[in-house]
Amino acid sequence: MRKFINKLLIVILAIGFSFCEDPNTEDDQLVIVNASLFNTSTLQVEKNRSIFIRNNRIKKISGTRSGDFALNNVVDARERLITPSFIDVHNHLNFIFGDTTEITNPNEFKRSRKLLTEQYLPYGVTVVRSAGGRELHIPMVQSWMNHHQDYVDYFPSGGALVSLDTKFYNHAYVADSSEVQSKIREYHKLGIRHIKLYSLIGEPELKAAVSTARELELNIFGHIENAMISIETACNLGLTNFEHAKTLFLEVIRKYEAASIDLSGLPPDDEENWRYREYEVFNFIGADDPSILSLIALFKKNGVSITPTLNLYAQPIGLVNNSSQPTAHKEDQLNWSEEQMNRAKLGYKVLAAVVYKLYENGIQLNTGSDNYEPGKTILSEMLLLNDLGIPMSEVLKIASLNSARAIDMEKSYGSIEVGKKAHLVIFDENPLVNPLNLLSKKTVIKDGILWKQH
Ligand SMILES: [Zn+2]
């Protein structure tokens with residue numbers, strides 16, 4: 001008898017639970033009906049979908065039925081394309097607040113968070129990862145770690161670790177491997193989960209950083225350009241996330257220097273010329289250099305991902321579409337001759353060809369801004385990736401799923417799937433039909449709520 005009662009109880013409970021599971025209740029926070037859903041895994045568009053959102057997350061996806069329209073809080077997507085939101089894996093707060101602003105008064109944290117958010121959400125970017133910032137801003141960024149529907153989801157890193165004392169405000173100096181370890185443990189205690197390495201770090205320190213990050217399960221990434229350590233060595237020591245595609249060329253030019261190859265045709269590497277020199281380095285090395293190709297092979301073998309930051313090189317020389325162009329700042333206003341500009345444009349083509357090779361070889365690419373107006377820059381970066389010949393469907397994946405993977409947050413972001421956060425973009429005009437539609441009007445949903453500028 002007791003067994004029977006138990007069984008009966010289980011059946012009753014099961015029926016009860018299945019009622020709780022009923023998706024079409026009034027409790028859904030938001031239901032988007034009649035959507036053309038972009039699937040970042042298959043790169044296919046799934047038409048006529050309903051997306052049910054509860055507790056900020058996607059609860060269910062199904063075919064749209066007439067009953068769906070009758071629910072509360074319904075958005076009719078009218079067959080428009082809906083994609084996961086975009087991610088910036090390379091933010092520096094100084095681009096938002098200025099190089100000299102020091103925000104340490106807790107009364108200002110909220111206002112700053114709002115300013116940061118306004119730079120991103122109108123462009124469909126809802127997730128931002130710092131690529132190194134001031135340590136004195138740690139209390140502020142800690143206060144942002146409790147994510148909130150009204151603001152962009154921000155993931156801080158500490159200062160970018162260097163073992164050469166640069167005194168640069170976005171760097172944190174660590175003298176040796178034991179200081180590296182204690183610094184990373186200190187960051188970990190503060191809740192920081194992302195560790196940035198800058199090029200001016202020695203081999204033992206980089207090694208210690210990679211192993212400490214691994215032990216504490218932290219995400220670690222670096223801007224390495226062979227000043228003190230090569231990309232090749234860093235990669236062999238276990239670093240698998242690199243910033244700036246241009247660093248591949250700078251690595252090769254150091255190899256040429258070491259091999260005493262005549263570089264006298266290049267502009268001098270000084271304060272006045274370094275910037276132009278970089279484009280000439282691209283021209284000098286070319287996209288088919290064996291050392292570049294062997295780096296790509298190493299990346300493939302080690303499962304490396306790269307954040308190319310093409311906009312940084314395209315924008316100053318006028319290769320960015322006018323309507324997606326972030327405002328040029330004084331350091332981007334170059335007084336180069338027409339001939340130099342044309343040489344720089346050729347150089348950019350070489351850089352772009354290498355980024356395309358990375359893509360062709362299956363190296364994961366991510367989107368990072370490293371710029372003023374970072375949200376706008378992410379859209380510009382996406383258009384530049386498309387200009388290389390990468391299909392827009394892949395570009396949408398790069399800015400969402402790939403970039404979510406790069407910051408180890410694939411569980412929450414990067415695709416429209418049950419269980420993930422409801423961070424979505426509905427495009428008025430379809431970017432898969434015309435890439436420039438990426439700049440068309442957007443409805444941005446953050447944590448299941450239609451975002452509006454307050
Ligand atoms: Zn940077």
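Order of listing sets the numbers, starting from 1, for every ligand and every atom in it. Computation of the quantities below employed the complete heavy-atom set of this structure, encompassing side-chain atoms and omitting hydrogens, waters and symmetry-equivalent molecules.
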Colleague: Between K446 (side chain only) and V444 (backbone N and O only), is there a donor and an acceptor less than 3.5 Å apart?
Modeller: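 Judged by distance alone, no pair lies under 3.5 Å.
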
Colleague: To make sure I understand the geometry: which N, O or S atom in D370 is closest to the Zn ion (ligand 1)?
Modeller: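 Nearest to the Zn ion (ligand 1) within D370's N, O and S set: OD1.
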
Colleague: Could you tell me whether a side-chain N or O of S157 sits under 3.5 Å from a main-chain N or O of I195, the two making a donor and an acceptor?
Modeller: no

Colleague: Under 2.8 Å from the Zn ion (ligand 1), is there any N, O or S atom belonging to H90?
Modeller: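 Checking H90: at least one N, O or S atom is under 2.8 Å.
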
Colleague: Are the side chain of S85 and the backbone N or O of V425 linked by a donor-acceptor pair below 3.5 Å?
Modeller: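 No, because the side chain of S85 does not come within donor-acceptor range (under 3.5 Å) of the backbone of V425.
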
Colleague: Would R254 and E225 pass as an ion pair if we require N to O under 4.0 Å?
Modeller: no

Colleague: Tell me whether H244 has at least one N, O or S atom under 2.8 Å from the Zn ion (ligand 1).
Modeller: no

